[in-house]
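Worksheet for the structure shown next.
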Amino acid sequence: MRVTLPDGAVRVFPKGVTFEAIAEAFDPAVARQAIAALVDGVERDIYLPLHADARVAFITPDSPQALEIYRHTTSHLLAHAVKDLFPEVKIGVGPATEEGFFYDFEREAPFTAEDLERIEARMREIKARDFPIRRIEQPKAEALEYFNTLGDNLKVELVADKGGEVVSCYRQDRFMDFCTGPHLPSTGRIGAFKLLSVAGAYWKGSEQNQQLQRIYGTAFPREDQLAQHLKLLEEAKKRDHRKLGPALDLFSIEETAGPGLIFWHPNGTVVRQILEDFWKEEHRRRGYQLVTTPHIARDELWRLSGHLDYYKDNMYTFAIEEAGYVIKPMNCPGHSLIYKSRLRSYRELPIRYAELGTVYRNERSGVLHGMMRVRGFTQDDAHIYCTREQILDEILGVLDLVIAFLRAFGYERYEVDLSVRDPAHPGRYAGDASGWEMAEGALTRALEARSLRFTRREGEAVFYGPKIDVRMFDAIGRPWQGPTVQFDFNLPRRLGIHYIAADSSATPVVMVHRAIYGSLERFMGALVEHYAGAFPLWLAPVQAVAMSITDRTREHARRIRDAMREAGLRCDLDDRNEKIGAKIRDAQIMKVPFMLIAGDREAQAGTVAVRSRKEGDLGPMPVEAIRDRMVTMQRERVLGP
RNA sequence: GCUGGCGUAGCUCAGCGGGUAGAGCAGCUGAUUUGUAAUCAGCGGGUCGGGGGUUCAAAUCCCUUCGCCAGCUCCA
């Protein structure tokens with residue numbers, strides 16, 4: 001039997017040799033490390049035998065596939081411990097996730113924090129016992145009987161749903177779980193882990209089913225990796241916009257007014273208006289026309305657009321003189337009415353309508369989250385109405401705009417998804433196939449033309465059209481929902497949006513929705529977390545604070561403040577009867593980019609001692625020097641210190 | 001909406017086998033006139049999220065409601 005090893009060498013082994021033995025023959029150091037084998041690209045348990053020629057490689061704790069195996073095996077350890085401590089508990093599913101792992105359990109009483117501690121302690125005991133973990137392939141009927149005997153009805157359901165006659169299970173000591181594997185070869189090989197929380201989760205992910213208790217945890221091959229992960233969670237907590245927002249006096253949510261509604265304070269409004277101004281400027285430059293549409297409209301409009309049928313539960317409706325009205329949850333029907341207010345010639349196209357439109361949606365109470373998920377928000381919405389021939393150029397224009405914005409805010413890393421039709425169910429979609437083909441082709445070619453790598457997601461398109469979604473990664477590597485570009489083959493048809501073509505026929509227009517910020521609220525929240533509240537100068541609500549050291553230098557400090565304001569900078573004055581250290585501390589806590597300190601020496605010389613929040617004391621300099629530096633930083637939207 | 005947890009001063013938190021509420025920071029007043037992350041002293045501040053109940057007595061026990069947090073489901 002010929003085995004091709006990772007270094008390309010071919011060696012002959014007897015049939016039935018285990019991967020462990022192959023590893024040993026390849027490199028004893030690798031053999032000690034190996035946790036699983038890759039056989040012709042398929043992951044297999046390290047102790048299993050090989051029966052035919054194959055390419056064999058080894059997964060070690062540093063391999064990209066390792067993390068999932070560690071986590072998945074730790075989830076089995078969790079279930080094992082829970083079964084030990086609470087034999088009456090029924091086990092559900094327990095996969096590895098991006099962040100760690102979880103396992104779902106059915107149990108009358110809720111798991112308490114103390115239960116989690118006990119379970120974790122038991123997990124450590126089982127790990128210490130170093131039980132071998134072995135794959136068992138058995139007839140489906142036998143596995144069914146096994147889980148039936150235990151009363152594990154959830155597992156029975158899972159096994160029964162599984163196709164084929166033979167199923168695989170994994171056993172460690174007296175605990176056995178239905179699983180495809182692979183797993184670590186023994187419980188002692190499990191690395192560092194920690195249980196984190198317990199939450200409800202619907203069986204098989206359906207709201208119709210019963211709710212189980214899901215225990216979350218995370219696991220890594222080594223302790224230092226776990227420690228680093230926990231540190232990242234701490235860091236994320238410090239950046240939480242729900243903490244920083246009120247602390248920096250940017251916004252608040254008022255219980256008296258209701259959940260999911262944002263009150264933008266003066267500091268937050270400064271940032272918001274910069275976002276708005278920047279946005280308007282960039283859009284006008286690129287041939288967008290700004291429009292304004294009403295906040296309420298007859299439900300007739302929403303019936304025509306189809307939204308009322310589909311999203312009734314999420315729309316706020318009311319009556320005026322017995323006529324039904326809707327508070328707008330979207331801007332597109334309004335923009336389309338402007339388009340339709342008169343006949344449009346092909347000569348006018350493309351038409352690009354843009355609006356910072358405030359909409360209200362009745363989000364279910366459980367989904368509300370700071371500024372990220374709210375009931376009232378302002379979309380940076382624009383709709384492009386064009387001909388089929390113009391599609392590619394329009395998409396290119398949108399992508400250029402998207403890239404410019406990501407760069408301006410310092411989102412260096414992003415991922416792009418292209419969502420297209422599910423080829424298996426062509427009937428599910430609005431519009432004709434040729435339109436979809438053209439749209440999908442244009443999106444693909446535009447992405448390629450701008451050298452944007454993207455993931456094509458079959459069947460992920462919404463029913464009305466294909467789309468591009470951008471995920472942007474913040475300063476500590478977390479993903480955020482970013483810009484989106486969506487074709488719409490539904491609304492033009494429903495609302496009858498046409499243009500008069502060169503042959504004077506009424507031709508359906510191609511409509512594209514697109515948003516860069518998404519919502520000002522969500523984007524603001526993401527920015528706060530991205531910068532940890534320390535906005536770059538061009539966005540900072542307060543760019544500098546002029547500080548007097550004693551009452552003697554109040555006037556000089558005031559003159560410095562005025563000089564900054566004169567130059568269009570946002571500068572406050574701190575002439576309180578406090579020591580300079582206290583003033584600096586307060587400004588530092590408010591994350592003000594520059595502190596402009598006025599003492600006797602500076603008053604004498606007509607200078608200012610500058611301190612940067614990031615770089616510390618920069619020493620004395622002429623007032624004009626720091627003023628000009630800040631003006632330049634503002635104009636060029638510098639992101640650094 | 002669902003499961004679980006949590007609501008005490010503006011903020012962070014203590015008090016909770018029932019006996020009528022406390023600290024630090026912030027705020028206010030005064031003293032101090034200060035050189036790169038907290039000057040000192042004094043003072044004021046709370047329907048213990050709201051409502052109902054049990055009790056001689058409730059921040060503490062029970063019910064209910066509102067809000068927040070984690071997750072699930074949802075997100076045009």
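Heavy atoms only: backbone and side chains are in, while hydrogens, waters and symmetry mates are out. Naming: A, B, ... by sequence-line order, numbering from 1 per chain. Bear in mind that the values here come from a model prediction, so they are computed numbers and not experimental data.
The separation between A/Gln208 atom CD and B/G1 atom P is 17 Å, rounded to whole Å. A/Asn209 has its CG atom 14 Å from the C1' atom of B/U3, to the nearest Å. Rounded to a whole Å, the CZ atom of A/Arg552 is 10 Å from the P atom of B/G35. One interatomic measurement links the two molecules: CD of A/Glu555 to C1' of B/U33, which rounds to 16 Å at whole-angstrom precision. B/G35 atom C1' lies 14 Å from atom CD1 of A/Ile560, rounded to whole Å. Whole-Å rounding puts the A/Arg576 CZ to B/U29 P distance at 13 Å.
As rounded to the nearest Å, B/G1 and B/U65 have P atoms that lie 11 Å from one another. With P as the reference atom, B/A21 and B/C16 are 14 Å apart, rounded to whole Å. Taking atom P in both B/G44 and B/G71, one finds a spacing of 44 Å when rounded to whole Å. When the P atom is used for both B/U36 and B/G27, the distance is 22 Å, rounded to whole Å. The P atoms of B/G50 and B/G35 are separated by 47 Å, rounded to the nearest whole Å. One C1' atom belongs to B/G52, the other to B/A58, and the distance between them is 13 Å to the nearest Å. Comparing B/G24 with B/A14, their C1' atoms sit 11 Å apart, to the nearest whole Å. Only the C1' atoms considered, B/G49 is 16 Å distant from B/G10, to the nearest whole Å.
Take A/Gln211 and apply the side-chain hydrogen bond (donor to acceptor under 3.5 Å, both in side chains) test, not counting sequence neighbours, and it matches no residue. With sequence neighbours excluded, the residues forming a side-chain hydrogen bond (donor to acceptor under 3.5 Å, both in side chains) with A/Arg373 are A/Glu363, listed by chain and number. For A/Thr484, the side-chain hydrogen bond (donor to acceptor under 3.5 Å, both in side chains) criterion is met by A/Asp469, A/Gln486, not counting sequence neighbours. Residues meeting the ring pair (Phe, Tyr, Trp, His ring centres under 6.0 Å) test with A/Phe102, sequence neighbours left out: A/Tyr216.
Side chain of A/Lys583 to backbone of A/Asp574: a donor-acceptor contact under 3.5 angstrom is found. For A/Asp152 (side chain) and A/Leu154 (main-chain N/O), no donor-acceptor pair under 3.5 Å exists by modelled atom type.
Partner assigned to B/A23 is B/U12, using Watson-Crick or G-U wobble distances below 3.5 angstrom. Here B/G7 sits opposite B/C66 as a Watson-Crick or G-U wobble pair (both hydrogen-bonding atom distances under 3.5 Å). The nucleotide B/A59 finds no pairing partner, because no Watson-Crick or G-U wobble arrangement with both distances shorter than 3.5 Å includes it. Using N1 to N3 plus N6-O4 or O6-N4 for Watson-Crick, or N1-O2 and O6-N3 for G-U wobble, each under 3.5 Å, B/G17 pairs with nothing. Across all strands shown, B/G35 forms no Watson-Crick or G-U wobble pair with both key distances under 3.5 Å. Pair check for B/G71 finds B/C2; Watson-Crick or G-U wobble, both atom distances under 3.5 Å.
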Pairs under 3.5 angstrom only: tabulate donor-acceptor contacts from the side chains of residues 250-259 of chain A to other protein residues two or more places apart or in another chain.
from	atom 1	to	atom 2	distance (Å)
A/Ser252	OG	A/Glu254	OE2	2.7
A/Ser252	OG	A/His265	NE2	2.7

Which atom pairs, donor and acceptor, lie under 3.5 Å between side-chain atoms of residues 116-123 of chain A and protein residues at least two apart or in another chain?
from	atom 1	to	atom 2	distance (Å)
A/Glu120	OE1	A/Leu195	N	2.9
A/Glu120	OE2	A/Arg124	NH2	2.7
A/Arg122	NE	A/Asp84	OD2	2.8
A/Arg122	NH1	A/Glu125	OE1	2.6
A/Arg122	NH2	A/Asp84	OD2	2.5

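How far CD1 of A/Ile91 is from NE2 of A/His76: 8.0 Å, rounded to the nearest 0.5 Å. Summarising the geometry, atom CZ belonging to A/Arg558 is positioned 12.0 Å from atom CD1 belonging to A/Ile560; distances are rounded to the nearest 0.5 Å.
What you find for A/Gly525 and A/Met371 is that their closest heavy atoms are N-SD, 3.9 Å. Closest of all the heavy-atom pairs between A/Phe220 and A/Leu67 is CD2-CD1, 3.8 Å. Residues A/Met630 and A/Ala544 come closest through the heavy atom pair CE-CB, 3.7 Å. Between A/Val359 and A/Gln379, the closest heavy-atom pair is CG1-OE1, 4.0 Å.
Of the residues listed (A/Lys238, A/Arg242, A/Lys237), the one engaging A/Asp240 in a side-chain hydrogen bond (donor to acceptor under 3.5 Å, both in side chains) is A/Arg242, and it is the only one. For the ring pair (Phe, Tyr, Trp, His ring centres under 6.0 Å) with A/Tyr429, the lone residue among A/Tyr464, A/Phe489, A/Trp436, A/Phe487 that qualifies is A/Trp436.
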Check nucleotides 39-41 of chain B for protein N or O atoms closer than 3.5 Å to its own N or O atoms and list the pairs.
from	atom 1	to	atom 2	distance (Å)
B/U39	OP1	A/Glu578	OE1	3.3

Shorter than 3.5 Å, N or O on both sides, protein versus nucleotides 11-15 of chain B: list them out with atom names.
from	atom 1	to	atom 2	distance (Å)
B/U12	OP1	A/Lys243	NZ	2.8

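Residue pairs meeting the salt bridge (charged side-chain N to carboxylate O under 4.0 Å, His left out) criterion with at least one partner in residues 607-624 of chain A, sequence neighbours excluded, are A/Glu615-A/Arg629.
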Notebook entry, point to check: Could you run down nucleotides 63-76 of chain B 5' to 3' and tag each one B, S or - for protein heavy-atom contact under 4.0 Å?
Noted result: ---SSSSBBBBBBB
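Residues from residues 98-117 of chain A lying near RNA chain B, meaning a heavy-atom separation below 4.0 Å, are A/Pro110 in numerical order. For RNA chain B, the neighbouring residues in residues 604-619 of chain A, judged by any heavy atom under 4.0 Å, are A/Ala609, A/Arg611, A/Asp617.
If you check every strand for non-hydrogen atoms under 4.0 Å, A/Ile580 touches sugar and phosphate atoms only. Among the protein residues, A/Arg601 comes within range of the nucleic acid bases, having at least one heavy atom under 4.0 Å from a base atom.
Residues A/Tyr103 and A/Phe101 keep their aromatic ring centres 6.0 Å or farther apart.
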